[in-house]
Amino acid sequence: MRIATWNVNSVRQRLGHLLDFLKEAQPDALCLQEIKCVDADFPRREIEEAGWQVETHGQKTFNGVAILSRAKLEDVRRGLPGDDSDEQARYLEGVLPLGSGVVRLASIYLPNGNPPNTEKYPYKLGWMKRLAAHTRMLLAHEEPLVLAGDYNVIPEPRDARDPAAWVSDALFLPQTRSAFRDLINLGLTEALRATTDDAGLYTFWDYQAGAWQRNNGIRIDHLLLSPQAADRLDGVQIAKHVRGWDKPSDHVPVMVELRAA
DNA sequence: ATGACAACAAAATGTTGA
């Protein structure tokens, strides 16, 4: 089973790329972030005609997540629990068949948190705490679980071309990295780091200053696996070439392959 | 400290992102 995640930076702007990527990669499920539209404006028909089912958790203008899947997504949860006053659409979860069992899958758009001296940063850290609390509950099911998305976290210096440029940034501050480790330490496996120690593997290149041309990237899109999912891990791919397409998203898709057995 | 791009809402610039 192939599960992918991609921050598309507006699904309506990226519909052509999205259909091209689905056709090329043939994922069983694709988690989307930053769809930047309400549910009613999601280009559902075009995607369904291509053979994928659609669940959305949208929001006007900003944020918004979705899950596209070959099989119907069951037991759908919209929104991250733990704060009823949080109106930002950043979390969507559901269950898909995997072999004779199931996999639980979440599409995550973790807050950016910049600038750190504003209320945006405590919101990010609070959101990470809520994600950890919810994850602890999900892990108790002892089933395959994949938390996929744009975490807005650079885990380590090797995950940035120029780590010094990020030391005061909400994506790389010690507290951010510590909260990310706290999440991993619940018992999750970061898929890419389970397969390679290589530096220079990025998932985001800024639109500005020729970041793509200079390969000035960062790795902030991650798939975190429960033990039962990690046991099935068969490979991880970053679809780097997608950043070279015409009018691309600033993020590229990341995919994991899970054995069904 | 700032923001060269890009997207959005809107009608000119301002906000947000990473």
Within less than 4.0 Å of OP1 or OP2 of B:dA18, is there a side-chain N or O belonging to A:Y109?
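Yes, because at least one side-chain N or O of A:Y109 sits under 4.0 Å from OP1 or OP2 of B:dA18.
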Suppose we call a contact any N or O donor and acceptor under 3.5 Å apart; does that hold for the side chain of A:N9 and the base of B:dA6?
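No pair found.
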What contact category does [X] fall into here, base, sugar-phosphate, or nothing, at under 4.0 angstrom with non-hydrogen atoms?
| X | value |
| --- | --- |
| A:Q208 | base |
| A:N152 | sugar-phosphate |
| A:N63 | nothing |
| A:D150 | sugar-phosphate |
| A:K120 | sugar-phosphate |
| A:F172 | nothing |

Closest contact, heavy atoms only, A:A229 versus A:V146:
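What the structure gives for the nearest pair is CB-CG2, 4.4 Å.
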Search all heavy atoms of A:I47 against all heavy atoms of A:F42 and return the closest pair with its distance.
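A:I47 and A:F42 have their closest heavy atoms at CD1-CE2, 3.5 Å.
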If the [atom1] atom of [N] is compared with that of [M], how far apart are they to the nearest Å?
| N | M | atom1 | answer |
| --- | --- | --- | --- |
| B:dC8 | B:dA18 | P | 14 Å |
| B:dA6 | B:dA1 | C1' | 22 Å |
| B:dG14 | B:dA4 | P | 13 Å |
| B:dA10 | B:dT15 | C1' | 12 Å |

Listed nucleotide nearest any side-chain atom of A:Q13, set B:dC8, B:dA18, B:dG17
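Per side-chain heavy atoms of A:Q13, the pick is B:dC8.
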Are side-chain N/O atoms of A:N216 and A:R161 paired as donor and acceptor at under 3.5 Å?
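On atom types as modelled, these side chains do not qualify, holding no pair under 3.5 Å.
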Residue whose nearest DNA chain B nucleotide is more 5′ - A:N114 or A:S10:
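Taking each residue's closest nucleotide, the earlier one in sequence belongs to A:S10.
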Along DNA chain B (nearest heavy atom to each residue), the more 5'-positioned of A:R14 and A:R214:
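Closest to the 5' end, via its nearest nucleotide, is A:R214.
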Starting from [atom2] on [N], measure out to [atom1] on [X] and report it in whole angstrom.
| X | N | atom1 | atom2 | answer |
| --- | --- | --- | --- | --- |
| A:D162 | B:dG3 | CG | P | 20 Å |
| A:W166 | B:dT2 | CH2 | C1' | 14 Å |
| A:R243 | B:dA18 | CZ | P | 13 Å |
| A:H222 | B:dA18 | NE2 | P | 12 Å |
| A:F62 | B:dA7 | CZ | P | 14 Å |

Which distance, rounded to the nearest 0.5 Å, do you find between the NZ of A:K60 and the CG of A:D39?
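Going from NZ on A:K60 over to CG on A:D39, the span is 13.5 Å.
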Donor-acceptor list for residues 176-184 of chain A side chains, cut-off 3.5 Å, not counting sequence neighbours:
residue	atom	partner	partner atom	Å
A:T176	OG1	A:Y121	OH	2.6
A:T176	OG1	A:A170	O	2.8
A:R177	NE	A:P155	O	3.0

